Every structure is written in C-alpha cells, then in structure tokens.
Amino acid sequence: MGNKLKGKDLIKLGFPKNNSINIALGQINRYRKREKKERILEEAKEVLLNPGKFQNNPIWGKVVEGLIKPVEVKLHQLKNTRAPFTIYGENEIDEQAKYQLYDALKLPIAVAGALMPDAHVGYGLPIGGVLATENAVIPYGVGVDIGCRMCLTIYPIKTSYLKGKKHQLENILSNHTKFGMYETHDKKHDHEIFERQEFNDIPLLKRLKVKAFKQLGTSGGGNHFVEFGKVTITDVHNEWNLDIGEYIGVLSHSGSRGLGANIAKHYTYLATKQCPLPKNVQHLAWLDLNTHDGQEYWLAMNLAGDYAKACHDDIHYRIGKLLGSKAVAKIENHHNFAWKETINEKECIVHRKGATPASRGELGIIPGSMTAPGFIVRGLGNDKSLNSASHGAGRLHSRRKCKEKFTKSDIKQQLKTHDVTLIGGGIDEAPMAYKDIKKVMNNQQELVEVLGTFTPKIVRMDK
DNA sequence: ATGTAC
C-alpha cells in the first residue's frame, strides 16, 4: 500500500511538480523498490537540502538536474544552410543517403560532415555517414549496434593450412564461435570489463550486466562473421616488421550484442523526448552532453564499445589457443561509434556510423565481402573526411531484394568460383549483395593507404 | 543490430 514511493511523497517534501521528477521516480521505484520507503524519503530530504551533493549520483542525479537546471524541451527547427561536407565516390551513392546527410547537416548542432564511398540509407544518419556536432551526441548517429567493430589477427602459419587443415579450421568455427540472437557462452572466465563501475552506477546497465556476461564472446547475427583467410602483406614498412608475403588471418566482425542494442534503444527514447525535431528528422534527436542523460549515454556508449572489444578479444583468444600459434599482429577498429575530436580547433563529437576512423597513421580494417578481399589500411588524416574512411564495400541490394533476386545455388556458385567455404549464412548476406570493394577503395585513395589484404577462405555466419 | 513494443 503505502510502501511504494510516489510522486505525491516527493512533492509533499517540496520537490517541484515537473516531468523530470517523474522520470527519476520511475528509476527509483524500478531499481530500489526493495528498500524501505522511509529510508528513501530521508535521502530525498537531504537531496532537497543539498542538491549539489547529489549532482552526479546515479539515482538522484536526474532529480537534481530537474531542481537546479531542468532540461529545456523545445522544438528545434532545421537551419536552411548545410554545415560543410564532402562526399567520396558520389556517383556510387544513392540520392536518398545524400539527402539524409544534408538533413543532418542542417541540425543546429552540426559542425561538419562527410559521406564515405560505401554509404547507403540508414535510420537517422546514413550508414557510411560521418557527422561532427557541438557538445551533443545523437544516439542514432552512432547506430543501434554501438561499437560494432573489426578485428584481424595475423598468425605466422603457412597459407597451405587453409586447404590442408580445412576440416580442423571448419571445426573451430563450427564449435567455438557462437552465432544467433539467442546464443550465449555460459561457462567462461570472468572478464575485467564486468568490474567496471558503470555497471553499478547506471541503473539501466545494472539490469543489463547479466545478459552482457552471458553474451560475452558471441557474434550475434546479420552481417556479423568470423572467418579464416589469407593475409597478404604488401607494405615493407608495416608496423609489425612483417616480411612481405602471405599469412593466415582470423577476421571477426561483430558488436556489443544486447548490451549496446538496449543502450541505444533507451537513450534514443530519452533523446526523442528531450529533443523534439520535425518529423522527417526525428531520429536525429540528440542529447546535450551537459545534461544528466547526455553524460550517462556517453559513459554507457563507451562501456558498450569496450564490451564489443572484449567480445572480439574473447573470440580471438579462444581461436588462437586452438590454432596453437602466437599472433604476430592484431588490427582492430570500431566503425559505429562517437569520439571527442578536434575539428577546426574546436572540440566536437564526431559520429561515425559505418565509417572507419582514419586519422594520420591510424590502422584499420575494411572488409570486402566473403568472396572479395578486405583491406588493411593506414589513415592519411584527411580533414575533409573528418579523418574517416568507408567501413566496407557497402550494400548494393537490400536484404529483401536479395531474397527476391538470388537463390541458394547462385551463392553456392559464387563461393565455388572463389574457393570459399561458408558455414551458415543466409540469402540476404549473399556476396552479390555488396558493392565492388575495389571501386570503393579507388574512391577513397585520399583517405587511407593500403598495407595489405585479407582474402576470406572459411567463413562462419549466422544461419 | 536486437528477446522486433514505453
């Protein structure tokens, strides 16, 4: 009965009647419902007396914000001019993706933007879109799969193993990688990421911790993969002093699983509430980084990014052990993320939604398709691209179109031609669904230089 | 992308 803390109780104490106490109240009742009401009321009194003390408190921070400086909710209009931008390979990019970028460039917080040569339409910001903003982060400018990333490990193993030990390698992928929405790794070593304070401080993350633990080291679905292939190093001056030549590589592509998806969902919801925009651009709603929710998203996003890295590390560690070989190089990068970077001498939030960071000297991996090589790249630090490059070949056909257009035997034929073994994989992930990676690389010669290639030979995807 | 929906 009177055990549950209600808005009335807080208002009686003297809290102002506004929406921000409701949001916070929801959090208190959700995450501290086992505590005695009296205890929370005592704490609430102290919050009123000394709000500043609770400014960064994970539970009261939001209430305090409502007391001291409530988030101003107002309908923002788009400007009628675009912030400066550059498009790479514009003849290969569909018009709708360009219009999505143009809209984003008219946001009052936009500073600059760029479109990578693999760009195509997305939700909010296009995939392959880069957007720099001022003191604000757009959850849909990062994307649903926060920290989706690539990781390539190079082993000093003869490439003849790809044929000679084909069945063993197939077994490693079949038995030691986990694909599909529901897959988990239940018995595994702990990971230091689960000691992170964010899992205790942020109520949403507290709820997601168990799920994240179960899913560590899984790959998920969609376009995610783990594959063995042939690495060809072509740059004598490579960072690892590797001889020019061929090696075996393990390449993985996946993100932050349910953890990141739920973070994206939660903060997108908050952003659309706090930042109403004209309907056609409502998915570009942002969180001001000076607000409680903005700061919380930043912490949660960074945790999801580190978690995605932890998943790749787990996958590569396990495979490395099974291979019984010591890696000679590892290249990895996020391609769905936001960073604090300096643009025109101003600190900005640079969103890369399906774009590879490519500041001068920065290494990355840009995959092709299962029948086309990926590229090990070194950034050239091109300002106009906001230090970015493509994150792959980019889709040519939508998932739906693939199912209409291609058959299983079409895919089989392609795999045979390129001597690729596929475990799992659906028609919507047909290699023909992707643009020509060579064309894409040609369109970004000013953005990255190539150190080597990775040619997939044994590929595992979700069914 | 994700236990497809505040």
Side-chain angles (χ1 to χ4, degrees), chain A residues 7 19-20 22-31 62 118 120-129 138-150 178-186 203-205 207-226 252-276 282-283 285 293 297 300-301 303-305 307-309 311-312 315 334-338 351-355 367 391-392 394-395 398-400 402 424-426 428-429 433-434 461-463:
Chain A
N19 191 42
S20 74
N22 279 334
I23 294 169
L25 191 68
Q27 294 196 323
I28 291 163
N29 278 328
R30 192 166 189 174
Y31 302 108
K62 181 79 186 170
D118 61 338
H120 52 99
V121 174
Y123 218 55
L125 200 65
I127 319 292
I138 304 169
Y140 265 129
V142 170
V144 178
D145 192 3
I146 299 171
C148 186
R149 68 193 334 253
M150 304 301 305
K178 297 283 184 187
F179 281 80
M181 189 124 63
Y182 309 103
E183 272 294 6
T184 58
H185 273 309
D186 277 325
L204 174 76
L205 299 184
R207 205 184 49 176
L208 292 170
K209 189 176 173 180
V210 171
K211 182 205 283 288
F213 181 75
K214 287 183 179 170
Q215 291 183 331
L216 185 77
T218 63
S219 296
N223 56 4
H224 291 172
F225 59 75
V226 179
S252 56
H253 173 219
S254 53
S256 51
R257 308 287 285 108
L259 177 67
N262 281 285
I263 292 170
K265 196 162 73 176
H266 179 74
Y267 292 96
T268 294
Y269 171 75
L270 294 178
T272 49
K273 289 285 161 209
Q274 289 171 22
C275 178
Q282 63 184 346
H283 293 123
D293 294 331
Y297 175 77
M301 179 198 77
L303 183 74
Y307 174 77
K309 175 178 162 51
C311 287
H312 283 265
I315 292 165
H334 287 330
H335 55 218
N336 281 8
F337 211 64
H351 304 72
R352 294 190 181 84
K353 186 186 189 185
H391 81 310
R395 262 192 183 273
S398 69
R399 291 180 182 281
R400 194 174 53 80
C402 284
D428 50 347
E429 279 301 327
Y434 290 91
M461 297 190 87
D462 186 23
K463 276 172 275 292

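In what follows, chains carry the letters A, B, and so on, assigned in the order in which the sequence lines appear, proteins first and then strands, with residues in each chain numbered from 1. Because the structure is a prediction, the values reported are computed rather than measured.
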Taking side-chain contact (heavy atoms from CB on, under 4.5 Å) as the criterion, tell me which of Lys353(A), His391(A), His335(A) meets it with Cys148(A). His335(A)

Spacing of Ile263(A) atom CD1 and Leu205(A) atom CG [to the nearest 0.5 Å]: 5.0 Å

In whole angstrom, give the distance that lies between atom [atom1] of [X] and atom [atom2] of [N].
X: Tyr140(A); N: dT2(B); atom1: OH; atom2: P; result: 14 Å
X: Met181(A); N: dT2(B); atom1: CE; atom2: C1'; result: 6 Å
X: Glu183(A); N: dT2(B); atom1: CD; atom2: C1'; result: 15 Å
X: Leu208(A); N: dT2(B); atom1: CG; atom2: P; result: 14 Å
X: Lys265(A); N: dG3(B); atom1: NZ; atom2: C1'; result: 8 Å
X: Tyr123(A); N: dT2(B); atom1: OH; atom2: P; result: 17 Å
X: Tyr307(A); N: dT2(B); atom1: OH; atom2: P; result: 11 Å
X: Asp462(A); N: dG3(B); atom1: CG; atom2: P; result: 12 Å

Ser219(A) vs Tyr269(A), nearer the 5' end of DNA chain B by closest nucleotide: Ser219(A)

Ignoring the backbone of Ala261(A), work out which of dT2(B), dG3(B), dC6(B) is nearest its side chain. dT2(B)

Under 4.0 Å from OP1 or OP2 of dG3(B): is there any side-chain N or O of Gln215(A) that close? yes

Scan Gly143(A) against the nucleic acid and name what it touches under 4.0 Å (heavy atoms): base, sugar-phosphate only, or nothing. nothing

At under 4.0 Å between heavy atoms, what does Gly255(A) touch on the DNA or RNA strands: base, sugar-phosphate, or nothing? nothing

Between Glu429(A) and Arg395(A), is there a salt bridge with N-O shorter than 4.0 Å? yes

Does the side chain of Ser254(A) come under 3.5 Å of the side chain of His312(A) through a donor N or O and an acceptor N or O? yes

